[in-house]
Each structure stands twice: as structure tokens, then as C-alpha cells.
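Encoded as C-alpha cells, the structure appears first; notes follow it.
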Amino acid sequence: MGGGGDGGGSSGVGGFRNPLRNIERALNEAIARSFVGKYFKLEARNSCFTKELRAGLATFLTMAYIITVNANILADSGGTCSMADCSVPVNGTASPDCMFKPNPGYQNCLATTKSDLMVGTILSAMIGSFAMGVLANLPLGLAPGMGPNAYLAYNLVGFHGSGPIPYRTALAILLVEGCAFIAVSALGLRSKLAKLIPKSVRFACAAGIGLFIAFVGLQVNQGLGLVGPDPATLVTLTACSRTNPETGECIGGKMQSPTFWLGSIGFVIMAYGLMKELKGSMIYGIVFVTLVSWFRGTAVTYFPHTPLGNEKFNYFKKVVDFHKIQTTAGVLSFNGFNRTPVWVALATLFYIDVLATTGTLYTLAEIGGFVNERGNFEGEYMAYIVDGGSTVVAALLGVSPVATYVESSAGIREGGRTGLTAVVVSFCFMMSLFFTPLLSSVPPWAIGPSLVMVGVMMMKVVKEIEWGNVKESAPAFITMILMPLTYSIANGIVGGIGVYVALSLYDQVVRVMKWLGKMKRVVAKEQNQVSASAANAELVSVV
């Protein structure tokens, strides 16, 4: 009886699965024969529609964290918000410090800017991924990259506009950088430019940016709040339950911050998911911390019973809403473009883009088995053009440069082999446009763990550095250590290259001395031959 029951159950399940498999097979065959299937070369690349669909969903889940993370980082720059947006007392005037102290008017402007940046991030990712799929026919997702966003927010514009370059000018720099990237890609100069930077410094750039991003994620303003300012040691351990709202210094309750411990649980969830190779691990950690923070009346709530908290909660309750960009689209300005900091920023962003894009594309092409015996892959030329063009679109939308995401490897491992995977990623980003109230209500202590985890993943390139060779290891170390400690990616790159050049001078001097010695011997030999010939001629004339 038991065996008969099991057999019947298995037969029922099998009978249910077979029609589904038949439907799936029929769907795949129909699409493979259609214009879409032929355009994306589904049969030629040994793929099918359902496989590409699963691959696109896997890629989106692993990179969707960038929607909230990028908006939060860029919002720290203040965007177009200024002193004019600050609330002022009756018969009073606003002072510049109102942008750095709790101020309802300025905070409302920041909230609008954050929503604008979120929509800009989604649109640039949607357009970039779609273009990569349709034009290059590669299964790669694009979105504003980690690293350049932090450089833009904290080095160029600075916290709430305290940096050397205004937000509008920074966007113009991104526009020029994107056009320059398109130009060098079209002319075939990209790989040559990438090789100008020493290999050890190239590897160290990725690790240094990872440390920089992790350091941002550990601070109170944009992360867990584990480290904070200290007048004696510059930084110290905090995670305090009470902090000075103006300086961020700890007032009391060190290591007693409820939001820090909640964020730490989110980090553990992310780490455990990545250990088990669970797709979307970053998202699960962010979602857990965010859901807990949405309950009002708790020590970790994102919606405290304050005027600003009530306003955030009222917008959150809309759930579904399409937010129209109000302050960040098309606001770029070329004023002040003749200053040195602008050109330093342009060169830094350009080289970061060249190095990151080249490395990521070749890595993903190797994983997907697209690289041929000559080291090239189909769609390579258009992939670089799309990458640069997407950065131009991002600048016009007010967000940081777009990059090809290494998280696309999740979709490739799921079987994605064509641009249809990227089109699915683009569709998923498009759907997220309608949930701005939810996405804009993710707290900093949910974002911080993901920034630290990104830093962890970017550190793996250090194994490629020759640590036993001081000529390679010293510049790499200087590059990595200067980025977080000076809060500048550009300083790290310049410092690393400077040390490499200094250590290479001895070899260059020795090489020049050897060349001069060789030339001296050649000249002496020639002179001896001339002298011998003259002596022989004189002897012949005497005879």
C-alpha cells in the first residue's frame, strides 16, 4: 500500500512536471526560431530563452543593491542643495553651517535629491544594460560603479558640498570623461592606455578603492557607525548610543548603538549567504535590516516620531509611486573648468574607468568562454562603446559613471550567453522605478554592511601583487594605504605611481650608463679602425 502510494505520488509529480517541461521546450523552440532568437543567436551560443531569463534574474538580484547604495553615497554630496534650502528662524538668515547641522529645510532637499539619484541610478542601469544586450549581445549588467561614486561624493564635491568642485561641474567632468572613453575605445587606444600604469598599481587600485568604500561603510553618516572622529587620534571606535549631531563625536554609550548591532547582523547574513554561494546575499542582508528598521517606536526605527520622521513615513506609506527627477537631471555646468582640480579629477576618473572596464570585461568574457585564441571576444568593440555611452547618459541624469558589473558572473554561471540576459536585467531595473517610496526608505545602517562587504570582495586582487619584490609591493602598498587614510582615490594613484617611478630611477640610470658605455666602446672602436686605415694608407704611399 505504502509503495503504491509513493509510486502514485511520484507519477502525479512527474505528470505535473512533464507538461511544464513540454511548454518550456515549445516556448524555447518558438523563440529560437523567431527574429528575437536569431538576433541574439540563441542556438548558435547553445542557449535558450528560459535559461537567459533565469540568468538575467540572477544577475539583477546580485547587483540590485546598487540602487539604494549609490543613491545614499551620492546624496552625501548634497547634490544641488545649498544654503538657500535651509530653514531659517523668523527675521533670521541662514549661515553656511546650516548644511552640516540638523536643519529641516536642508534635510527635505536632501530627501528629494536622494529620490532623484535613485531614479537616475535605475535609469542609467536600465539604459546601459539594454544597450549592452542589444548592441553588443553580451550577458552583462551595467550600473553606476562602486568607487567612482565615492570619489565623486567625498573627494570632488565633498560632504554636503564642502569639496573643491561643485556638483554641477563634477557632472560636466563625468560627461567629458565618458566622451573621452568612447573616443579612445573607437580608436583602439584603450588597451595601450591601460598598460601605462604599472601592473602592481593597477591591482592595488581595486584593493585601495575597496578599503576606501569599507571605511565609508564603517562611519556613522553612511554606515554602521563603528568608527568616528576623535580629537586625539583622528578616528576611534564608537558605535555610541549618543553622538554629537554636528561633529559626530561620541558623547556616551560606546559600543551600545542599537543600529550598529542590527547592521552587524545584516553583515553576518550577507557573509553567510556568500559563503554558501546564495544568489542575492547582499540583498537579503539589506532587506532584513531595513524591514526591522521600518517598525516605529523602536530603538532602531528609521521613522522616529519627529517632523522629519513623520514626513519620511508618510512618503513610505505610498509604497508604489513614480518619482520624477526634479533636481539632478541636466544640471551640469562647465564653469571653472580651467582649474587644476578639475583636470586631476578628469584624469583620475578616466583611468579608473579604463582599468576597471578592461579588467571586468575580460574577466567575464573568460568566465563565459567568449575569448578566442587571439585574446578577443565577439562584441568587444561595442561593449566598450556602450560602457562609455552609458557614462554620458549617467552624467546627464546626475549620477556617477556606469560600469560593467562583475556580479554578471552570477548570470553567466546560470547559463546566460547572449544579450537577452542583459535585456532581462534592464527590464527588472525598469520595474523597480515604481517602488521609489520603499527604496528611498533604506536606512544607512542597512547600507553600511554592504559597503564593507564590497570592500571584502575587492581585496582579493592583492594576491596578484608580487609582495616579495619591493619594487612592486611598495608602490602597491602606498596606493592602497593612501586611499582610505587621505580619503582620496586620486592621492593613492598618484602616490603609487610616484613611488614606482622613484624606485625605477636606479634601473633607468644603470640602463642609460650601460648604453653610454656601449656607445663609447663603439665610438672608440670606430676611431681605432679609422686610425688603422689612415696608418695603412700612409705606409702604402711611402712604399
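Counting only distance, with no hydrogens or angles, the side chain of Thr59 and the backbone of Gly56 share no donor-acceptor pair below 3.5 Å. Judged by distance alone, the side chain of Asn70 and the main-chain N or O of Thr121 form no donor-acceptor pair under 3.5 Å. Ser124 contributes no side-chain N or O that, together with a main-chain N or O of Ala394, makes up a donor-acceptor pair within less than 3.5 Å. Looking only at distances, a side-chain donor or acceptor of Thr238 sits under 3.5 Å from a matching main-chain atom of Gly225. Formation of a donor-acceptor pair under 3.5 Å by the Thr348 side chain with backbone atoms of Val344 is found in this model. Asn149 places a side-chain N or O within donor-acceptor distance of the main-chain N or O of Gly147, the cut-off being under 3.5 Å. Between the Ser162 side chain and the Gly158 main chain, no donor and acceptor come within less than 3.5 Å of each other. Judged by distance alone, with hydrogens and angles left aside, the side-chain atoms of Thr233 form no donor-acceptor pair with the main-chain N or O of Asp230 at under 3.5 Å. Judged by distance alone, the side chain of Trp261 and the main-chain N or O of Met255 form a donor-acceptor pair under 3.5 Å. Not one N or O on the side chain of Ser129 forms a donor-acceptor pair closer than 3.5 Å with the backbone of Met126.
Between Thr290 and Pro443 there is a side-chain heavy-atom pair separated by less than 4.5 Å. Within the 4.5 Å cutoff, side-chain heavy atoms of Thr479 are placed close to those of Cys205. Looking only at side-chain heavy atoms (C-beta outward), Phe215 and Met483 stay at 4.5 Å or farther from each other. No side-chain heavy atom of Val289 sits less than 4.5 Å from a side-chain heavy atom of Ile447.
Side-chain contact, Glu472 with Ser200: a donor N or O sits under 3.5 Å from an acceptor N or O. Neither side chain, Asn155 nor Tyr487, offers a donor N or O lying under 3.5 Å from an acceptor on the other. There is no side-chain donor-acceptor pair under 3.5 Å between Ser441 and Trp294. No side-chain N or O of Glu177 forms a donor-acceptor pair with one of Thr391 less than 3.5 Å apart. Side-chain N/O atoms of Asp387 and Ser390 include no donor and acceptor closer than 3.5 Å.
Using cut-offs of 30° and 60° for the angle between ring planes, the Phe181 and Tyr384 rings count as tilted.
Among Glu52, Lys41, Lys51, the one residue that satisfies the side-chain contact (heavy atoms from CB on, under 4.5 Å) test with Arg417 is Glu52. With respect to Val157, the side-chain contact (heavy atoms from CB on, under 4.5 Å) criterion is satisfied by exactly one of Ile165, Leu152, Leu171: Leu152.
Annotation: the span from Ile67 atom CD1 to Phe435 atom CZ amounts to 11.0 Å, rounded to 0.5 Å. The OH atom of Tyr65 lies 12.0 Å from the OG atom of Ser281; values are rounded to the nearest 0.5 Å.
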- Item | Residue pair Arg45, Glu378: steps toward the salt bridge (Lys or Arg N to Asp or Glu O under 4.0 Å) verdict | CA-CA 11 Å; Arg45 296 191 183 179; Glu378 185 181 355; 3.4 Å; yes

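The environment of CG in Asn372 is crowded: more than 12 heavy-atom neighbours from other residues, nucleotides or ligands sit within 6.0 Å. Residue Trp343 places its CH2 atom among 12 or fewer non-hydrogen atoms of other residues, nucleotides or ligands, all under 6.0 Å distant. Counting heavy-atom neighbours within 6.0 Å of Glu464 CD, excluding the residue itself, gives a total above 12. No more than 12 heavy-atom neighbours from other residues, nucleotides or ligands sit within 6.0 angstrom of CZ on Phe130.
With ring centers used as reference points, Phe60 lies under 6.0 Å from Phe429.
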